[in-house]
Amino acid sequence: MDRKIAIKFELNGEAVRAEVEPNMTLVDMLRDHNLFGLTGTKKGCAQGECGSCTVLLDGKAVNSCLILAPQVNGRKVMTIEGMGTADALHPLQQKFVEHVAVQCGFCASGMLLSAKALLDENHSPSEEEVRTAITGNLCRCTGYTKITQAILDAAEKA
Amino acid sequence: MRTVIKPFELVVPATVDQALSLLDKHKERAMIVAGGTDVVVQLVEKTLAPEIVIDISSIKALDYITEKDGAITIGALTTHTSLERSPLVKQKIPLLADAARDVGSAQIRNRGTIGGNLVTASPAADTAPPLLALAAKLKLLGAGGERVVPIEEFFTGARKSVIKRNEILTEIQIPIPANGRIGTRWLKVGRRNAFTISLVNTAVLMSLDRDKCRSVRIALGAVASTPMRARKAEEFLKGRKLDEATLKEAGAIASSETSPITDIRASAEYRREVSAAIVRRALQEAGTSRS
């Protein structure tokens, strides 16, 4: 029995299609070189406990490792690749660079998307609100201080 | 490396009735997924290996928060984020908004649903103690019809409930507390301050008569095989003045009613000690809050 499901969704602003088996998670579909090859989304724990796989689904931050690929049918997905490019950094990315908020970089994709989801909704968050917004993104390198400051700075500049 | 989940067939019903037909048709070969924050983990860990997965996450008809006849009715697919932010919930049953805010992380809250939290029936579920304190009722729908189960009767053991294989939890009904002055408090203790499974949690709903407790419901989670009520402590507090000694004793009584286990997160002894402390604190803060 062919269990594959044909899905249509919006990925980083573009209408796309895929045929996937339902036992494939969203993070695997995004990263798969035979499908979308978007390896900016990372896979840290594969059980929703680290946030490195964070993407935006209809504008909301979600763990893509906990979503079955077909569940994005008809929805909008944004990955880090959709946020900015090397030539055109998103203001949040620019602030992360300026504040040295990135060390190994593994948490950065997810962290930036969580920050983007926050600022899209709340243009001037308090420090407390920023810290709450990123509780689902674990960082083993930075201690979160520079990340928090970068996000607050980006909010002010927006 | 690809995450390996045993292959299954996915079906996506558009309505609750379609979902029920699918459950009836496929019986024990099928299971439901909503937000997936518990189910997908179990699929990955292989504690669940269904042949058919019924994805109900797009059934908008089960995503609502309304007020009707003195009760708040919540569709089972309402996410924790929706609960946390709902003006209706924050105003009329803030206990539930406070608990929903403490579930997992923003990413988890954006997908996880109240229905899923209840049906997964973890003893540490954060939405359960508030619903126990609020005397909520759960609507279960099966091919045979609908039944309403008081939440005290819903959980039967760790990760077990009375829901039948061919039933779907559709709605949570919460009577709006309206007996004079009401004080509530939710408290959660975890290994860290956020994004953590409860070691002990508590929800308290008190009806106050000046400085006396007229009646109270004290619910505790993660300290027994199911979320529970501390009924002896509740009985003890009836009509009593909320002075320091009374609060301390109430906490101790509540703690004596728990039967926690030692697990990877905490020892039973720690949970017993913390239950006493947080029940005492929740009672104190509920007693001094204004509603």
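Predicted model only: the values in this text are computed from it and were never measured. All chains are named by letter (A, B, ...) in the order of the sequence lines, taking the proteins before the strands, and each is independently numbered beginning at 1.
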* How about R192(B): does its CZ atom have over 12 heavy atoms from other parts shown lying under 6.0 Å from it? -> yes
* Asked: Just wondering, are more than 12 heavy atoms of other shown residues or ligands nearer than 6.0 Å to CD in E28(B)?
  -> yes
* Please name all residues satisfying side chain to side chain donor-acceptor pair (under 3.5 Å) with T81(B), sequence neighbours left out, ordered by chain then number. => N110(B)
* Where is the tightest heavy-atom contact between G136(A) and S105(B), given as atom of each residue plus distance? -> CA-CB, 3.3 Å
* R111(B) portion near chain A, given a 4.5 angstrom heavy-atom threshold -> side chain
* Pairwise side-chain contact, Q107(B) with L66(A), heavy-atom cut-off 4.5 Å (strictly under) -> no
* N73(A), part contacting chain B, at a heavy-atom distance under 4.5 Å -> neither
* Asked: Tell me, side chain or backbone of I134(A) under 4.5 Å from chain B's heavy atoms, or both, or neither?
  -> neither
* Structure fact -> In short, A106(B) meets A133(A) closest at the heavy-atom pair CB-O, 4.4 Å
* Structure fact -> All heavy atoms of F195(B) vs all of L138(A), minimum pair found to be CD2-CD2, 4.4 Å
* **Heavy-atom contact with chain B under 4.5 Å, split by part of D28(A)** => side chain
* **More than 12 heavy atoms from other groups under 6.0 Å of CZ on F106(A)** => yes
* To do: Can you establish whether the number of heavy atoms outside I197(B) located under 6.0 Å from its atom CD1 is more than 12?
  => no
* Structure fact -> Under 4.5 Å to a heavy atom of chain B? For T135(A) that would be both
* What is the minimum heavy-atom distance between R2(B) and K43(A), and which atoms define it? -> C-NZ, 3.7 Å
* Establish, from distance only, whether the side-chain atoms of T79(B) and K60(A) form a donor-acceptor pair under 3.5 Å. => no
* Chi angles and distances behind the salt bridge (charged side-chain N to carboxylate O under 4.0 Å, His left out) call for E121(A), R85(B) -> CA-CA 13 Å; E121(A) 239 184 18; R85(B) 295 179 179 189; 2.6 Å; yes
* For A277(B), check side chain to side chain contact (heavy atoms under 4.5 Å, CB included) against everything at least two apart and list the hits. => none
* Asked: Quick one: are Q71(A) and S57(B) in side-chain contact, heavy atoms under 4.5 Å?
  -> yes
* **CG/D24(B): more than 12 non-hydrogen atoms of other groups inside 6.0 Å** => yes
* To do: Might you confirm whether atom NZ of K42(A) has over 12 heavy atoms from other residues, nucleotides or ligands at distances under 6.0 Å?
  => yes
* To do: Look only at the side chain of N23(A) and the backbone of I5(B), and say whether a donor-acceptor pair between them is shorter than 3.5 Å.
  => yes
* Asked: What are the residues of residues 34-46 of chain B, in order of number, with any heavy atom under 4.5 angstrom from a heavy atom of chain A?
  -> A34(B), G35(B), G36(B), T37(B), V40(B), V41(B), V44(B), E45(B)
* Who among R131(A), E49(A), R75(A) has the most heavy-atom pairs with chain B under 4.5 Å? -> E49(A)
* Look at L68(A), T25(A), T132(A) and state which one has the largest set of heavy-atom pairs under 4.5 Å with chain B. => L68(A)
* **Proximity breakdown for R31(A) and chain B, heavy-atom pairs closer than 4.5 Å** => neither
* Not counting sequence neighbours, list each pair that qualifies as a ring-ring contact (aromatic ring centres under 6.0 Å, His included) and has a residue in residues 26-55 of chain A. => F9(A)-F36(A)
* Asked: Which heavy atom of T3(B) sits nearest a heavy atom of A46(A), and at what distance?
  -> OG1-CB, 3.9 Å
